[in-house]
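Each ligand, and each atom within it, is numbered from 1 in the order the structure gives. In this chain, residues are counted from 1 in sequence order.
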Amino acid sequence: MELQPIGVVHSPVADHGQMPFEGVPARVEIFPQFEKGLEGVSGSSHLVVIGWFHQAGRETLQVAQSRSGPLEKPQGVFALRAPHRPNPLGLLVSRLERVEGLNLYLEKLDFVDGTPIVDLKPYSPSWDCVFAARSPRDLRFTDGGDQRATLERMLVEAGNFHGESCVGLALGVRMMHHAIAKWHIAQKDPAVVVHMAEDGCVADALQALTGATLGNGRMKVPSGRAFRLSYADQKVLAYQPKELPAGWGVEEVLGAGIDDLFAIRSDIYAEGSGPHGGRPPKRMPPEAKRQMLLERVRQSLVDGKLPCATAHHLAQELGVSISDVGWAADESKVRITRCQLGCFK
Ligand SMILES: [Zn+2]
């Protein structure tokens, strides 16, 4: 097996310790013998850039510290994106700003100056975006440390979903950051239900940061101006955005006091009595169809699960609602698998 560098990074940052979390603007210079391989590259707005971390250690198999802080217990390098690993390949998706001859100008790259580049691929939202995907870090509660860095990281994550950085996005980041600190929960805790309000940019931020979708039932869409986050149908935080001073941008919103941004109401309900996240009572399908439903669900299992598409098909065929099929699946202790593309779980 043999790798050859196809280019090299030119970055203002030469020391890994000085590299900001989200990277810096950088130029990738492609070597002349690979010029033909660049044909068509400018058609992609984003590239997957694969570099070789030539300074990284290759003996490391476990790490006790990640970039966002110490880990609860050491983790294997294949469960992390740490630079130290047997084959120190680094991978980053970055926006391609322009191509000039053999030079690719990238919006953000966290590879230091001189990093050899071994491959480039187009990033495709249809193949590469799995919005419903979860990783262990989503369920980690991170407290303390540099809160400004946490806000910046959340802004990048929300911006990846929204498509740009804007004031509404920053407001959504501040809301979520406030709620996770107050409730001491992880950012994508599945018990969080989000009640959206009118500002679509804030709504996009909350959706991106919590993983809530209409399909997984964690996103509710009432009207009004206040956004509400509820946790386990017990705790509710309502955020009513205030009028911001003229000329405020993302920077000002990230740096402001939380009370300058929102009027906040906090409610706590006895277990299960909260008004927002409660599940509707299970409705039984018509008596005459129950047996048939149970039987057909049993016959339609794939690897012990009921594919989402089959569930819809069964509902149509038997003239029942999709929640009736859900009843039969629950009754048979069978899970309905989600749509395979996963972009909207
Ligand atoms: Zn926006």
Side-chain angles (χ1 to χ4, degrees), residues 20-25 44-47 92-98 105-109 123-126 128-133 138 147-181 187-188 192-216 218-230 237-264 342-345:
F21 181 84
E22 70 279 10
V24 293
S44 292
S45 69
H46 291 71
L47 293 180
L92 195 80
V93 175
S94 185
R95 197 163 76 78
L96 177 62
E97 290 190 321
R98 62 184 196 281
Y105 289 84
L106 298 167
E107 183 186 38
K108 297 272 161 124
L109 197 64
Y123 174 82
S124 159
S126 2
D128 302 324
C129 162
V130 185
F131 180 68
D138 296 339
Q147 290 310 297
R148 177 66 192 212
T150 305
L151 288 172
E152 301 275 0
R153 179 189 57 70
M154 291 171 79
L155 190 70
V156 169
E157 186 176 0
N160 284 344
F161 181 70
H162 186 52
E164 57 163 4
S165 182
C166 65
V167 167
L169 207 67
L171 284 171
V173 165
R174 291 299 307 268
M175 247 179 235
M176 198 55 209
H177 182 258
H178 177 262
I180 58 184
Q187 190 185 308
K188 289 190 174 147
V192 172
V193 175
V194 189
H195 300 255
M196 298 303 186
E198 276 164 9
D199 188 326
C201 297
V202 179
D204 268 9
L206 292 179
Q207 181 165 14
L209 295 170
T210 58
T213 66
L214 289 171
N216 65 22
R218 293 175 47 217
M219 181 166 96
K220 313 283 177 194
V221 193
S223 56
R225 286 198 63 221
F227 287 82
R228 291 199 312 268
L229 297 169
S230 77
L237 280 166
Y239 298 85
Q240 170 96 37
K242 290 181 176 173
E243 198 75 50
L244 297 181
W248 269 33
V250 170
E251 278 302 305
E252 287 77 13
V253 170
L254 288 190
I258 193 84
D259 294 320
D260 295 332
L261 303 174
F262 313 105
I264 302 175
C343 255
F344 280 94
K345 188 176 167 180

(request) Verify the ring-centre separation between Y239 and H178: is it less than 6.0 angstrom? (result) yes
(request) Please tell me if the side chains of M219 and L214 come closer than 4.5 Å, counting only heavy atoms from C-beta onward. (result) yes
(request) Could you tell me the separation between the NE2 atom of H195 and the CZ atom of F227, rounded to the nearest 0.5 Å? (result) 12.5 Å
Would you list the atom pairs, donor with acceptor, under 3.5 Å between side chains in residues 244-259 and any protein atom, with sequence neighbours excluded?
unit_1 : atom_1 : unit_2 : atom_2 : d
E251   : OE1    : R148   : NH2    : 3.0
E251   : OE2    : R148   : NH2    : 3.3
E252   : OE1    : G249   : N      : 2.8

(message) For the Zn ion (ligand 1), which protein N/O/S atoms fall under 2.8 Å? Skip waters.
(response) H162 NE2, C166 SG, C201 SG
(message) If the test is side-chain contact (heavy atoms from CB on, under 4.5 Å), which one of M176, K188, Q187 qualifies with T210?
(response) M176
(request) Mark yes or no for whether N216, through its side chain, and G211, through its backbone, hold a donor-acceptor pair below 3.5 Å. (result) yes
